[in-house]
Amino acid sequence: MSKPRFNPDDPFLFESLLGEDDRLIMETARDYAQSQLEPRALRGNQDEIFDMDIPREMGELGLLGSTLPSRYGGVEASQTAYGLVAREMERVDSGYRSFCSVQSSLVMFPIHEFGTEEQRDRFLPRLATGELIGCFGLTEPDHGSDPGSMTTTALRTTDGWVLNGAKMWITNSPIADVAVVWAKAKENKTDPGVIRGFLVEKGMEGFSAPKTHNKMSLRASITGEIVLEDCFVPDENVFPDIQGLRGPFSCLNSARYGIVWGALGAAEDCYRRARQYVGERKQFGYPLASMQLVQTKLANMVTAITQMQLLALRLGQLKDEGLLHPTMVSLAKRNNCGRALEVARTARDMLGGNGITGEYRVIHHMVNLESVNTYEGTYDIHGLIVGRELTGIQSFVPRGNDV
Amino acid sequence: MVLNAYDASAVEEALVLRDQFGGHINLLLVGPQSAAETIRKALAMGADSATHLVYEASSDLDSGAISEILAAELSGAEYDVVLCGKQAQDTDAGLTGGMLAERLGLPYTTNAVGLEIDGGQIVVTRQGDSGRETILLPTPCLVTCSNDMNDPRIPSLKGIMASKKKPISSRPVESAPDNATTMVGFVEPPQRPAVTMIDGTDEAEAVERLVRELKNTSKVLQ
């Protein structure tokens, strides 16, 4: 038996815990991301470019909606495999992972989970190939962490619904062919309404999706609004049964699960680049790597990454076994985004002035992770979800301090 | 376990030919059980079936012994072309293909960068010393492939899942042939000296410093 070796790029032999299918899928995602996405990343981030060939490329490899059955264009990949794909996309840029997450978890997942058979057949195979692009509209200008207070409405009319309202911070919306929009469905104007899901398609009258400009984060991913002005959506484009926040929240749980893995990929890339840099850069006659402060920073990074890896892997196993509780996802999303952001900020610091330039790429990860830490449930909101689970008391709405 | 880059190019070329002319691609591997993952990868790329001759200590065998095991498997088998990587990525030996051709009595050529079929003949573009040679071979024949031949495809997730259902005949090599060669010495490569990074902010100054380093420190320049 040869002496065990410590591998700085996989210190706890994390990848040896993966099954063969999952590892092969990871390698495909990694080969694609490193050969096709990495060369686009610097320009994509600096000049706000999302190459429109990317959806088709991802679709050809089967990276979109991979967990779905084959008749809808998936391959019934494991949840771990889905996570590993997210990790490889975000190792390059959180924006590319965001595209994948939205398409797979926020659009294909709800159509498969809540849609009619006709809706599944109409949309899923073409979303899987990347021929169609989807987006997900829940957040509104005045309703972020509190989506239950949304003001977008769908009023009953003959053979369908008339939608009015605005959604904000919608990944992919300016390029989307179909939007999963959540709105308060009302049988009549005085009805308080119940949240339902609508498939709004490009070209429907009253639907527009202007682009959001001047984002300083996720610049390689296109973000926009969804504006609905008396937009008629026929009955065949409405999810038939799902009502209330359970619909959008189950989508978010699926996407948040992918983020747990994605944030890990970004952190790993920052750590790898920082470790390489401090080995090469000399100051005061010695490599930075020989300095005590630098070594403990590296130690903290690799410790955080090891925790993130094992947490993500366990979460995937639980999801595959059907034992996943949403609070587990909240805990892991909060932890991995928070830790990844710390790792990225530390890497940025370790690279000194060079860490400020795009070429070294760590500042891209750092500013991207600011969004990732905020979207799909902020760090604090996920803390409150875990807190509610631990105490049985919700604290989203402050009690005893009514103003 | 990593699929040898030269073998990956051989697989890619076989896939292109099969898709163009029809046929069947069988993969043949001598190696430990853990190398089965490289077969999965090539099946995921699109190969049809595989034969895994399992031998745990295959890295102790020399090219002569490996080629003998392969030749025993292929003698009597029907095939048009045997495609091999031109060498192993780790050992760089590059002997197995030629030895296998000799044992099977096949015409062969090496370092192929292109391969076509023309009227039942195999047309190989070979990277030679001073240029590219075009070589005709009758079938059956053996060709060793360069990684400059093509850009091996990335297996799709569909291919990965489908590869689970493809037939793999796996059986042990009961007794391996003796090595004809014996390694009698081994020296680890010398440690590389530390890399010196030259600040490139001022290009003229950086070039001057580089020349100075090459003359005085590494003595590459006189």
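Note: hydrogens, waters and symmetry copies are ignored here, and every other heavy atom, side chains too, is used. Chain identifiers are assigned alphabetically (A, B, ...) following the order of the sequence lines, protein sequences preceding nucleic acid strands; residue numbering begins at 1 within each chain.
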CD (Glu203(B)) with more than 12 external heavy atoms under 6.0 Å
no
Count the heavy atoms of every other residue, nucleotide or ligand shown that sit under 6.0 Å from OH of Tyr286(A), and state whether that count exceeds 12.
no
Side chain proximity check, Glu20(A) to Glu37(B), heavy atoms < 4.5 angstrom
yes
Glu205(B), CD atom: more than 12 neighbouring heavy atoms under 6.0 Å
no
Winner by heavy-atom pair count (cut-off under 4.5 Å) against chain B, out of Glu76(A), Lys282(A), Glu27(A)
Glu27(A)
Phe12(A), CZ atom: more than 12 neighbouring heavy atoms under 6.0 Å
no
Do Asp21(A) and Arg40(B) make a side-chain contact, defined as non-hydrogen atoms from C-beta onward lying under 4.5 Å apart?
yes
Residue Phe6(A) excluded, over 12 heavy atoms near CZ under 6.0 Å
yes
Asp178(B), CG atom: more than 12 neighbouring heavy atoms under 6.0 Å:
no
Is a side-chain N or O of Ser156(B) found less than 3.5 angstrom from the main chain of Gly62(A), in a donor-acceptor match?
no
Per-residue contact mode, Ser70(A) against chain B (heavy atom under 4.5 angstrom)
neither
Looking only at Val85(A), Leu61(A), Asp31(A), the option with the highest number of non-hydrogen pairs under 4.5 Å against chain B is Leu61(A)
Is it the side chain or the backbone of Ile160(B) that comes within 4.5 Å of chain A heavy atoms, both, or neither?
side chain
With the side chain counted from C-beta on, respond yes when Ile154(B) and Ser35(A) share a heavy-atom pair under 4.5 Å apart, and no when they do not.
yes
Atom CD of Glu116(B): over 12 foreign heavy atoms under 6.0 Å:
no
Between atom NZ of Lys158(B) and atom OG1 of Thr28(A), what is the distance when rounded to the nearest 0.5 Å?
14.5 Å
Sort Arg281(A) into side chain, backbone, both or neither according to what part of it lies under 4.5 angstrom from a heavy atom of chain B.
neither
Any chance you could measure Lys41(B), atom NZ, to Arg23(A), atom CZ, to the nearest 0.5 Å?
10.5 Å
